[in-house]
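I have placed the structure first, in the form of structure tokens, so that the comments after it can refer back to it.
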Protein chains: 2
Amino acid sequence: MISPNRILAGDCRTILPTLPEASVDLVFADPPYNLQLHQDLHRPNGTIVNAVDDAWDQFADFAAYDKFTREWLTACRRVLKPDGALWVIGTYHNIHRVGAILQDLHFWILNEITWIKTNPMPNFRGVRFTNAHETLLWAARSRGARYTFHHHAVKSLNEQLQMRSDWVLPVCGGKERLRANDGAKVHSTQKPEALLYRVILSTTNPGDLILDPFFGTGTTGAVAKRLGRRWLGIEKDAAYRRAAQKRIDAIPETRLPEEDLATPDPRKRERIPFGRLLEEGMLSAGDTLTFGERDGAKARILADASLSCKGKRGSIHQIARLLHGGPSNGWDRWFALDRRTGERISINRLREELREKEK
Amino acid sequence: MISPNRILAGDCRTILPTLPEASVDLVFADPPYNLQLHQDLHRPNGTIVNAVDDAWDQFADFAAYDKFTREWLTACRRVLKPDGALWVIGTYHNIHRVGAILQDLHFWILNEITWIKTNPMPNFRGVRFTNAHETLLWAARSRGARYTFHHHAVKSLNEQLQMRSDWVLPVCGGKERLRANDGAKVHSTQKPEALLYRVILSTTNPGDLILDPFFGTGTTGAVAKRLGRRWLGIEKDAAYRRAAQKRIDAIPETRLPEEDLATPDPRKRERIPFGRLLEEGMLSAGDTLTFGERDGAKARILADASLSCKGKRGSIHQIARLLHGGPSNGWDRWFALDRRTGERISINRLREELREKEK
DNA sequence: CAGGCATCTGAATCCTTGT
DNA sequence: GACAAGGATTCAGATGCCT
């Protein structure tokens, strides 16, 4: 029997073999991502981005990272009960290495969860898409093994909506973010408690033992304590351990609000860009729009969903402002020819139809 | 030179080696993820049919899939131009195998996109979270290689907001879904055209050659045709090929001019040396510039269009870097007095006026 | 005290061209 | 290919100051 609710000092690959096997109900692991950043990044305003360049995130190559991954996953699997489960979080830099090795080690993936960040860092140079999500893998110890899933808990708010594999949550910041006296982040990659709240509530029972082999500043322990689960952390760094211990000691026995569990329906957060009508084929590049219900100015739709009108190029709103001379909602101003009827139809009507289609 | 816009019959692993190397701009691949592992394992009630936990059995299956993946990825990489790129779509069943092998083959992941389905198939039994997303990987042919990304086009598509890595789109259904006379789906995993629209618009140029090694019912070809790109499909199944050909033939040839298909890119505009503003008489040697919109450091313009500031001499960019500490675009930093109005005006505005004049 | 405006920051594999 | 130089580039949310 493991003595729970404490932080063990050291590398999980050496600590884990000293623990009894088949004694842990859930592993939550936030391993190094192997980010490999090689230069400074500046925001457009000239400030520099605080990079994740910690020593613990440095690996020589993929082979070294794979070896590390295989070792800690193997060690975790040994201490897991047969009906225990494991969560790992990562990004494209590492998650595919982890996922493949996980499968090789006979873990059985139950779900992939995509954590959609409401407030990610933008791509400042405009050279890629904003990296706005991270990936969590939830896996049973082996194929066919039993596992814990509290369907009733996650559906308690609203049938269906909260059970999806996309979780929309802000990144960890504000008062929740642990900071040193000088304002510096204690840990460069602290996870939000809301994320762990969902994980722990949905896939463990009260009293279960939750192990975090990369404890960091102890988000897993904090939420476990809040939710009446036992926990065990392993962490190499003494400063992280101190911060985590202090944080967890200060946790009152209050619960986080239930609404932290609610996953907003993507249909609810839709702000449909005009471009979606093109992507859906409801309109095509080259089509002509008319300004106003009766004969008005004509505009040609371009492939990027901007309009071309009288030598100007801009969004439906920009061109509408131009023509109207004042603030204007392009959705109400522009009309297309309906392909089905040949009648003039407002692009707003087309948007409504798209909304219907997405249900 | 490959003859484009046609469907080649056969297995891409045998067809691809017959094509010339370094001839393709983009690969979009929707590979099968029919791991034997996933068949005949669970009864409808969730019990295990054949709970073989034979390590070798499993390994053999993953190994077979890995071998297949390595083969088609290697073959695709050969036909890719050095600055070409590759997209793959998959789910947690296969995407981690693909992602890891991709990296092993020295592809360089640029983004992971998570396609959030507005209307996924619910998990009726409530034993897991509803799988509401699929994953796309976008990778350059190698680390540090150039690649195509039309930042402004996708920004325009998204109402002037930078496009993120989470794409919220409905699954393919309705009129778009190809169906046989009996109403049966022609292809079980037909992808929505909206997905390909975003991929193709953002990461290819008009006229580029797009290869789809698992063509299926030809969504890639259909959208490529709509957007004025060339395409090449490889497909084993004759029924899929027939459906794809018919579908694509029904799409009218795009005759949009290049400028309607592409979005103007400020990075591609002709450079105007600062000295031109002096030559044009918009500024004069001896004039004073101010650093920043509000009162900042002063600099004197010299006859050779360099600036003199605090005993240093250099270009608008060099002096800006000096004052600002970090990379800096001098055009945005320096302000002059407008001779016409006496107001402070950005030298960038003056440059814009010059550009207008030169049209 | 409310509201407005400026500032700061977050797991980021973040430039392009000419010499 | 290395190097120097030009110059393009950001979103949401929290915090704090000022009026």
Side-chain angles (χ1 to χ4, degrees), chain A residues 30-54 56-59 62 65 89-95 115-135 168-177 179 183-185 187-192 214 216, chain B residues 103 107-112 138-140 143-144 146-147 149 151-152 155 158 160-165 265-275 294 306 314-321 324 326-334 347-348 351:
Chain A
D30 182 10
Y33 288 7
N34 191 23
L35 231 42
Q36 310 262 337
L37 306 175
H38 27 273
Q39 60 196 357
D40 284 348
L41 178 63
H42 294 260
R43 297 188 178 82
N45 68 8
T47 60
I48 197 162
V49 173
N50 190 358
V52 178
D53 52 5
D54 308 78
W56 48 254
D57 199 39
Q58 305 301 322
F59 294 85
F62 281 133
Y65 189 79
I89 182 167
T91 61
Y92 68 84
H93 309 85
N94 72 321
I95 197 65
W115 166 29
I116 309 290
K117 302 178 185 182
T118 57
N119 50 352
M121 191 185 308
N123 186 289
F124 296 114
R125 307 302 293 265
V127 292
R128 300 183 183 186
F129 299 98
T130 303
N131 201 9
H133 73 279
E134 296 194 20
T135 301
V168 181
L169 297 169
V171 301
C172 182
K175 296 202 183 67
E176 186 183 333
R177 189 88 198 211
R179 291 185 187 278
K185 290 177 279 188
H187 195 286
S188 56
T189 70
Q190 185 182 339
K191 294 295 176 290
F214 306 98
Chain B
Q103 292 177 313
F107 282 99
W108 190 251
I109 299 181
L110 296 167
N111 270 123
E112 180 181 276
W138 173 40
R143 178 176 187 168
R146 294 175 57 98
Y147 58 89
F149 180 63
H151 169 66
H152 289 90
K155 199 173 170 181
N158 195 34
Q160 301 308 319
L161 219 51
Q162 184 172 88
M163 187 83 76
R164 304 166 27 123
S165 61
D265 184 347
R267 284 175 278 217
K268 297 255 162 59
R269 279 194 293 190
E270 194 184 354
R271 292 190 174 188
I272 295 184
F274 178 60
R294 279 160 297 180
S306 61
S315 72
I316 53 171
H317 307 295
Q318 288 169 328
I319 302 295
R321 269 198 291 275
H324 192 257
S328 209
N329 179 351
W331 288 106
D332 292 332
R333 300 274 168 202
W334 294 106
I347 59 172
N348 206 16
R351 180 173 64 161

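So you know, we letter chains A, B, ... as the sequences are listed, proteins then strands, and number each from 1. Just so we're clear, the structure is a prediction, and the values are computed from it rather than from any experiment.
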Quiz item: Between dC14(C), dA12(C), dA8(D), which one does the side chain of N123(A) approach most closely?
Solution: dC14(C)
Exercise. Would you mind pulling out the nucleotide paired to dT10(D), Watson-Crick or G-U wobble, both distances under 3.5 Å?
Key: none
Quiz item: With a non-hydrogen cut-off below 4.0 angstrom, is N158(B) in contact with a base, only sugar-phosphate, or nothing?
Solution: nothing
Practice problem: Indicate, with a heavy-atom threshold strictly under 4.0 Å, whether T189(A) touches base, sugar-phosphate, or nothing. | Solution: base
Self-check item: Whether Y65(A) side chain and P32(A) backbone form a donor-acceptor pair below 3.5 Å
Solution: yes
Quiz item: Is K191(A) side chain donor-acceptor paired with the dA11(C) base, going by distance under 3.5 Å alone?
Solution: yes
Quiz prompt | Backbone of P122(A) reached by a side-chain donor or acceptor of R164(B) within 3.5 Å | solution = no
Quiz item: Any idea which of dT9(C), dT13(C), dC11(D) is nearest the Q162(B) side chain?
Solution: dC11(D)
Quiz prompt | Atom-to-atom span, CD of Q318(B) to P of dG7(D) - whole angstrom | solution = 11 Å
Quiz item: So, do V127(A) and Y147(B) sit near enough that their side-chain heavy atoms are less than 4.5 Å apart?
Solution: yes
Quiz item: Taking CZ from R43(A) and C1' from dA12(C), how many angstroms apart are they, rounded to a whole number?
Solution: 11 Å
Quiz prompt | Integer angstrom distance from the P of dC17(D) to that of dC1(C) | solution = 15 Å
Self-check item: Mate of dC3(D) where both pairing distances stay under 3.5 Å, Watson-Crick or G-U
Solution: dG18(C)
Quiz prompt | dC14(C) base stacked by F124(A) (centroids within less than 5.5 Å, tilt under 30°) | solution = no
Practice problem: Check every strand shown and say whether H151(B) touches a base, only sugar-phosphate, or nothing at a heavy-atom separation below 4.0 Å. | Solution: sugar-phosphate
Practice problem: Assign P31(A) to base, sugar-phosphate, or nothing according to its heavy-atom contacts below 4.0 angstrom with the strands shown. | Solution: base
Quiz prompt | Whole-Å C1' distance, dA12(C) and dG6(D) | solution = 24 Å
Quiz item: What distance, rounded to whole Å, do you find between the two C1' atoms, one in dG10(C) and one in dC14(C)?
Solution: 15 Å
Self-check item: Non-hydrogen atoms of D30(A) and F214(A) that approach each other most closely
Solution: O-CB, 3.6 Å
Practice problem: Using only heavy-atom distances, decide whether a donor-acceptor pair under 3.5 angstrom links the side-chain of N329(B) to the base of dA8(D). | Solution: yes
Quiz item: When you match P122(A) and G174(A) each to their closest nucleotide on DNA chain D, which lands nearer the 5' end?
Solution: P122(A)
Quiz item: Is the closest side-chain donor-acceptor distance between H93(A) and T91(A) under 3.5 Å?
Solution: yes
Quiz item: Would one find a side-chain N or O of Q36(A) under 4.0 angstrom from OP1 or OP2 of dA12(C)?
Solution: no
Quiz item: Would you say H151(B) and Q162(B) make side-chain contact, with heavy atoms under 4.5 Å?
Solution: yes
Quiz item: More 5' along DNA chain C: N50(A) or F62(A), using each one's nearest nucleotide?
Solution: N50(A)
Quiz prompt | Residue-phosphate contact under 4.0 Å: R179(A) side-chain N/O, dG10(C) OP1/OP2 | solution = yes
Quiz item: Is there a side-chain polar atom (N or O) of H152(B) under 4.0 Å from OP1 or OP2 of dT9(D)?
Solution: yes
Quiz item: dC8(C) C1' sits how many Å from N119(A) CG, rounded?
Solution: 13 Å
Exercise. Give one of base, sugar-phosphate or nothing for L161(B), where a contact means two heavy atoms less than 4.0 Å apart.
Key: sugar-phosphate
Quiz item: Hey, is dT13(C) sitting syn or anti, using the within-90° cutoff around 0?
Solution: syn
Exercise. Starting from the 5' end of DNA chain C, give me the residue, H187(A) or R125(A), whose nearest nucleotide shows up first.
Key: H187(A)
Quiz item: Quick one: W331(B) CH2 to dA8(D) C1', roughly how many Å, whole number?
Solution: 13 Å
Exercise. Return no unless some side-chain N or O of K185(A) is found under 4.0 Å from OP1 or OP2 of dA11(C).
Key: no
Quiz item: Touch check for V49(A), heavy atoms < 4.0 angstrom, all strands: base, sugar-phosphate only, or nothing?
Solution: base
Quiz item: Is the phosphate of dG6(D), meaning OP1 or OP2, less than 4.0 Å from a side-chain N or O of H317(B)?
Solution: no
Quiz item: At under 4.0 Å between heavy atoms, what does P120(A) touch on the DNA or RNA strands: base, sugar-phosphate, or nothing?
Solution: base
Quiz prompt | Flag side-chain contact, heavy atom, 4.5 Å: H42(A) against T47(A) | solution = no
Quiz item: Can you find a donor-acceptor N/O pair under 3.5 angstrom joining the side chain of R146(B) to the base of dT16(C)?
Solution: no
Self-check item: Phosphate OP1/OP2 of dA11(C) contacted by R177(A) side-chain N/O (<4.0 Å)
Solution: yes
Quiz item: How many Å lie between CG on L41(A) and P on dA8(D), as a whole number?
Solution: 18 Å
Practice problem: Whole angstrom is fine here: how far is it from CD1 in I48(A) over to C1' in dC8(C)? | Solution: 15 Å
Quiz item: When you compare dA4(D) with dT13(C), how far apart are their C1' atoms, in angstrom units rounded to a whole number?
Solution: 25 Å
Quiz item: Atom CD of E270(B) and atom P of dG7(D): how far apart are they, to the nearest Å?
Solution: 11 Å
Quiz item: Which value, in whole Å, describes the distance between the C1' atoms of nucleotides dT10(D) and dC8(C)?
Solution: 13 Å
Quiz item: Taking atom P of dC15(C) as reference, at what distance in whole Å does atom OH of Y147(B) sit?
Solution: 8 Å
Exercise. Would you please confirm or rule out a distance under 4.0 Å between OP1 or OP2 of dT13(C) and any side-chain N or O of Y92(A)?
Key: yes
Quiz item: Are K117(A) and dG10(C) close enough that a side-chain N or O sits under 4.0 Å from OP1 or OP2?
Solution: no
Quiz prompt | Base dG7(D) to side chain R321(B), donor-acceptor N/O within 3.5 Å cut-off | solution = yes
Practice problem: Pick base, sugar-phosphate or nothing for R351(B), based on heavy-atom distances below 4.0 Å to the nucleic acid. | Solution: sugar-phosphate
Quiz item: With both distances under 3.5 angstrom, what nucleotide forms a Watson-Crick or G-U wobble pair with dA11(C)?
Solution: none
Quiz item: Counting distance only, does the side-chain N/O of E112(B) pair as donor-acceptor with the main-chain N or O of H133(A) below 3.5 Å?
Solution: no
Quiz item: Going by the angle between their ring planes, with limits at 30° and 60°, are F149(B) and W138(B) parallel, tilted or perpendicular?
Solution: tilted
Quiz item: What is the nucleic acid contact for W115(A), judged by heavy atoms within less than 4.0 Å: base, sugar-phosphate only, or nothing?
Solution: nothing
Quiz item: Any side-chain N or O of S315(B) less than 4.0 Å from the OP1 or OP2 oxygen of dG6(D)?
Solution: yes
